[in-house]
Amino acid sequence: MKKADAPLFRDPIHDGAADPVVIYNRNTRTHYMLYTNRRADVIEEGEMWIHGTDIGIAQSCDSGNSWEYIGICRGLEYESGRNTYWAPEVIFHEDVYHMYVSYVPGIPKDWNAPRYILHYTSENLIDWSFRNKLDLPSDRIIDACIFQKPDGVFRMWYKDERDHSHTHYADSRDLYNWTHIGCAIDDVPHEGVNVFEFGGRYWLITDCWNGQDVYFSDDLEHWTKQKTRILDKGGSRSDDNVIGNHADVVVCGERAYIFYFTHPERKRYDQVFETGERRTSIQAAELEIKDGILVCDRNKEITIELNNG
């Protein structure tokens, strides 16, 4: 059987694919990857290259082992001019795809602009209709992650930069109206939260900019931090020699796959990068539970078998 490509995917437009989310497209019967399409190849002032981004789309016809670029999400224009869209979260519920995307007005040259989460719906994962801007008590929020609780309530976790870049959470019964509950994880600054159920336990991972911190829970309310991180040491595969950033986890029965991105040429972390250091690659690896600990051998060759659903 075919082994997963490494790197799994590189964006052919700007070479800046980041923040992936993977979902099955019931119309095409293929898997789609939506991602932040960073403009890694442009020369602009300050941090403008990481703004002004579209949401890119890649498609896999072989259960996730190879991916091809097919375009960008259409219909996201929220305000006039060129604006910024980051870190999509996509779920399927009652025959509709829902996307929650981080939105930054314009193309700022620094990190001080307001940031919000916008809600869109779609029937095909390509053409999107705006539904609402989430009414949450902060103007600096990004990186939504949604998981449906056993009682049917949807819970959203997200990064609140006004609160030291900690993870906050909100609940909704209809995916449109959200009630802020409080802070879920506040031990260290982080971003890119992802929550999933695997091996009879709930897991929460965050991008702490030195790999992924791991937390576990039995009730989605109280989280315990695992002593060891994942993706905190570079691997041996092509473009996988550095830490893994902002990840999505897809659980398929007894197997779980983590999709993340790397900066394979990055030599420093002061946010002043040469063009080559900006480029990114999407990678995939398998997660396992050993002695109650979530682990990831990113050097292991795998064949990905994503579910059709």
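Atom set for the values below is all heavy atoms of this structure, side chains included, hydrogens, waters and symmetry mates excluded.
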Is there a path of hydrophobic side-chain contacts, each under 4.5 Å between heavy atoms of I/L/V/M/F/W/Y residues, joining Val21 to Ile146?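 Ile146 and Val21: separate clusters.
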Within one Ile-Leu-Val-Met-Phe-Trp-Tyr cluster: Ile117 and Val101, side-chain cutoff 4.5 Å: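 Different hydrophobic clusters.
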[X] vs [Y] aromatic rings, parallel, tilted or perpendicular, using cut-offs 30° and 60°?
| X | Y | answer |
| --- | --- | --- |
| Trp178 | Tyr100 | perpendicular |
| Trp86 | Trp111 | tilted |
| Trp49 | His263 | perpendicular |

Side-chain H-bond candidate by donor/acceptor type, [X] with [Y], under 3.5 Å:
| X | Y | result |
| --- | --- | --- |
| Tyr260 | Asp240 | yes |
| Asp160 | Ser138 | yes |
| Tyr97 | Asn27 | no |
| Glu305 | Ser63 | no |
| His119 | His98 | yes |

Does [X] reach the side chain of [Y], with side-chain heavy atoms less than 4.5 Å apart?
| X | Y | answer |
| --- | --- | --- |
| Ser122 | Ser129 | no |
| Pro264 | Asn241 | yes |
| Cys252 | Tyr257 | yes |
| Asp248 | Ile258 | no |
| Asn83 | Glu77 | no |
| Phe259 | Gln283 | no |
| Leu294 | Gln226 | yes |
| Cys183 | Thr167 | no |

Is the number of heavy atoms from other residues, nucleotides or ligands under 6.0 Å of [X] [atom1] greater than 12?
| X | atom1 | value |
| --- | --- | --- |
| Arg201 | CZ | yes |
| Lys149 | NZ | yes |
| Lys2 | NZ | yes |

Between the CD atom in Glu68 and the SG atom in Cys61, the distance rounded to the nearest 0.5 Å is 7.5 Å
Going from CE on Met99 to CD on Glu89, what distance comes out if it is rounded to the nearest 0.5 angstrom? 11.0 Å
Matching residue for Glu286 among Lys3, Arg298, Lys300 - test: salt bridge (charged side-chain N to carboxylate O under 4.0 Å, His left out): Lys300
What's the shortest heavy-atom distance between Cys73 and Trp128, and which atoms? SG-NE1, 3.5 Å
Locate the shortest heavy-atom distance separating Gly56 from Asn37; write the atom from each residue and the value.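 Distance-wise, the nearest heavy atoms are N-CB, 4.1 Å.
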Suppose the criterion is ring pair (Phe, Tyr, Trp, His ring centres under 6.0 Å): which pairs have a residue in residues 6-45, not counting sequence neighbours?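 Non-adjacent pairs meeting ring pair (Phe, Tyr, Trp, His ring centres under 6.0 Å): Phe9-Tyr35, Tyr24-His31.
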Side-chain ion pair, [X] and [Y], N-O less than 4.0 Å:
| X | Y | answer |
| --- | --- | --- |
| Asp127 | Arg74 | yes |
| Arg38 | Asp54 | no |
| Glu277 | Arg266 | no |

Compute the centroid of each ring, for His93 and then for Phe154, and state whether the two points are separated by less than 6.0 Å. yes
Co-members of Val96 in a cluster of I, L, V, M, F, W and Y side chains, linked at under 4.5 Å: none
Under 4.5 Å between side-chain heavy atoms, chaining through other members, with only Ile, Leu, Val, Met, Phe, Trp and Tyr counted: pull out the rest of the cluster around Ile293, sorted by chain and number.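 The other cluster members (ILVMFWY side chains, heavy atoms under 4.5 Å, direct or chained) are Val295.
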Cation-pi geometry met for Arg155 and Phe147 (6.0 Å, 45°): no
Please say whether the positively charged group of Arg115, taken as NZ for Lys or CZ for Arg, lies over the ring of Tyr103, i.e. under 6.0 angstrom from the six-membered ring centre and within 45 degrees of the axis. no
Any residue meeting side chain to side chain contact (heavy atoms under 4.5 Å, CB included) with [X], in chain and number order, not counting sequence neighbours:
| X | answer |
| --- | --- |
| Glu254 | none |
| Val251 | Phe196, Phe198, Val249, Ala256 |
| Glu123 | none |

Tell me if a side-chain donor or acceptor on Arg278 pairs with a main-chain N or O of Asp41 at a distance below 3.5 Å. no
Under 3.5 Å, is there a donor-acceptor pair between the side chain of Asn124 and the main chain of Ile126?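 Indeed, once roles are kept as given, a pair shorter than 3.5 Å links the two residues.
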